[in-house]
Amino acid sequence: MRRPAVPMQQAVSTRGRSGRRSGGAGAPATVDAARVGRLPRRVVAVYAAAVLLVLASGVWLAVYGFVEAWIALGFGTLVAVGELLRTTLPGDRVQAPLGAAAALAYALLGALAGERTHHGVAQVVVVTTGAAMVGMVPRVARGRQPCWDSVARRVLSVGVAALLFQPFYNRGMLLRYGLEHGPANGAYLALCAGVAALTDMGLAALLAGSHSGARFAHALRDECCALLRIGSAIVATGVVIAIAAGEIGLWALPLFSVPLLLTQAGFRRYAAIRATQRQTIASLARATEVAGYTLPGHAQRVTLLACRVGRELALTEGELLLLEYAALMHDIGQLSLVDPIPGGATALLSRAEQRRIGQLGSEVIRRTGVPPEVAEIVARLAEPYRRPDGTRDGDVPLAARIVRVANAFDDLACDDPGPARREEVLVQLREETAQEYEPRVVEALARVCQRMPG
């Protein structure tokens, strides 16, 4: 990939083969470690709202008392089991579908085996929150991080569902307006569950966007696409359990959880296949580092930086996955060289040689079983933003433009991750936007750099 010749040569000469570093301006460890302990304001606001709701519910129960403990225990147990059976959804989203469905069913529970229940919003919030916390204990004991985002979303979304149903049911308003029995009851429960699901998606987008720096609209689109299928299964299961429990009692919990468990098993299998594929690609990408062709950690740094730029440019989850694979394997063609390039900097090569490396890397990728689009992206990495006649090459994928910029940034800034050096590199990249780099990609990178800690 061609980069500013003089600055790159200076960077390579000062680095040398002995000056390799695993950190850098785009290194995930540097950024993520620095962000620990200072959560974004929107995340703090969501957490605070969830905590206040739980505290208010606890005070309410302390004043008015806890009712129907066996019913609460049955639904709470299913919520806790659901937390233990968490699964990974597309986009590396960890979700507890069974726990979410059980909590939703408890929020929408009216009668149980023909007898009216009397729990309200406060008890729903306390029971589901307590059960979720209990379900997380074994995971935390095994050294895994607690999923506070998920707990906060669960508290608030279930609280919304309970607020839409419990007060009206307990005061007899649903019976008065003909919404307590028959098809009207099912429609009303589905409406409440749908509003709760939309609330959960909105909160998921807010939290994800706050953590990654993506815009809310883009994050909401991604969350809706990722959670739509499993979300519809959760809503359907929650509503069915709530309705069936009115006729057959607590037996509805295990009986009607089976379809959701089967759906979850399918997602788990898909996630396992994805994880294996990603590990294979990451191992193959490290071959250039082990062989001494590229600097240690270079592929990982470029990948994290490219994905952040991709989110800034509103790429979809599918496009981000292709971008991730291409960024990991963007230097695989260097294995064809007899002698390594000093510092792994392909800017020292002619464009013809750069293209040859890209094509060889593309051929290797085509034999790995990854989507063919990844091979096409790698094959076009050496192409400049504009041709010599000044026209733009519209056939080059945007992912290739992103990897090209992220790679140049890491090569120039990896030995000095400070803000001053990052700004200098951005200036160099901007100077090359007339031909080498796409301007909107460089500006997206600049916005990503602004959010990096000093």
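Side chains are part of it too, since the values below use all heavy atoms of this structure and drop only hydrogens, waters and symmetry mates.
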Just verifying a value: how many Å separate Leu313 CG and Glu438 CD, rounded to the nearest 0.5 Å? 8.0 Å

Check this for me, if you would: do Arg278 and Glu324 make a salt bridge, where the nitrogen-to-carboxylate-oxygen distance has to be below 4.0 angstrom? yes

Donor-acceptor under 3.5 Å (Arg269 side chain, Gln264 main chain): no

Do Tyr385 and Glu432 have side chains that approach each other closer than 4.5 Å (heavy atoms only, starting at C-beta)? no

Stepwise side chain to side chain donor-acceptor pair (under 3.5 Å) test for Tyr325 and Glu373: CA-CA 10 Å; Tyr325 289 170; Glu373 294 87 348; over 6 Å; no

Yes or no on side chain to side chain contact (heavy atoms under 4.5 Å, CB included) for Val137 and Met133, after CA distance, side-chain angles and deciding distance? CA-CA 7 Å; Val137 170; Met133 300 293 286; over 6 Å; no

Is any side-chain heavy atom of Glu423 closer than 4.5 Å to one of Val427? yes

Checking Val121 against Ser57 for the side chain to side chain contact (heavy atoms under 4.5 Å, CB included) test, could you report, in this order, the C-alpha distance in whole Å, the side-chain angles of both residues, the deciding distance, and whether it holds? CA-CA 8 Å; Val121 177; Ser57 299; 5.6 Å; no

So, do Leu429 and Thr433 sit near enough that their side-chain heavy atoms are less than 4.5 Å apart? no

Can you tell me how far CG of Leu203 sits from CG of Leu220, rounded to the nearest 0.5 angstrom? 10.5 Å

Just by modelled atom types, is the Ala314 backbone N or O under 3.5 Å from a matching donor or acceptor in the Arg221 side chain? yes

Ignoring hydrogens and angles, tell me if any N or O in the side chain of Thr263 forms a donor-acceptor pair with the backbone of Pro259 under 3.5 Å. yes

Okay, side chain of Gln166, backbone of Leu109: is any donor-acceptor separation there less than 3.5 Å? yes

Test applied, side chain to side chain contact (heavy atoms under 4.5 Å, CB included); reference residue, Asp410; option that passes from Thr303, Val302, Val405: Val302

Heavy-atom closest pair, residues Gly74 and Leu253: O-CD2, 3.4 Å

Would you say Arg41 has more than 12 foreign heavy atoms packed within less than 6.0 Å of its CZ? no

Heavy-atom closest pair, residues Ile332 and Gly361: CG2-CA, 3.5 Å

For Phe256 and Thr237 the tightest heavy-atom approach is O-CG2, 3.5 Å

Apply the test side chain to side chain contact (heavy atoms under 4.5 Å, CB included) to residues Ile402 and Leu398: give CA-CA distance (whole Å), side-chain angles for both, the deciding distance (0.1 Å), then the verdict. CA-CA 6 Å; Ile402 295 173; Leu398 177 59; 4.0 Å; yes

Give me the atom names and distance for the closest heavy-atom approach of Arg366 to Ala375. CG-CB, 3.6 Å

Looking at Val126, is its backbone amide N or carbonyl O close enough to the side chain of Thr129 to form a donor-acceptor pair, meaning the two atoms are under 3.5 Å apart? no

Would you mind checking if Glu436 and Arg404 are paired as a salt bridge, meaning a charged N to carboxylate O distance below 4.0 Å? yes

Salt-bridge contact Arg440-Glu443 (side-chain N to carboxylate O under 4.0 Å): no

Has Arg139 got more than 12 heavy atoms of other residues, nucleotides or ligands less than 6.0 Å from its CZ? yes

Can you tell which of Leu321, Leu315, Leu322 makes a side chain to side chain contact (heavy atoms under 4.5 Å, CB included) with Glu319? Leu315

Test item: Val378 and Gln359 side chains (from C-beta on) under 4.5 Å apart, heavy atoms: no

Side chains of Arg154 and Glu83: closer than 4.5 Å at any heavy-atom pair? yes

Determine the minimum heavy-atom distance between Cys147 and Met136, stating which atoms define it. N-SD, 3.5 Å

Distance, nearest 0.5 Å, that separates CG of Leu381 from CD of Glu376: 10.0 Å

State the CZ-CG distance between Arg308 and Leu304, to the nearest 0.5 angstrom. 5.0 Å

Can you measure from SG (Cys192) to CG (Leu163) and round to the nearest 0.5 angstrom? 9.5 Å

Measuring from atom OG of Ser157 to atom CE of Met201, what distance do you get when rounded to the nearest 0.5 angstrom? 11.0 Å

Go through the steps for Phe75 and Ile241 under the test side chain to side chain contact (heavy atoms under 4.5 Å, CB included), then give the verdict. CA-CA 10 Å; Phe75 280 90; Ile241 290 178; 4.2 Å; yes

Tell me, do Val155 and Thr128 make a side-chain contact under 4.5 Å, heavy atoms counted? no

Taking all atoms of both residues into account, what is the closest heavy-atom pair of Gly310 and Leu323, and its distance? CA-CD2, 4.0 Å

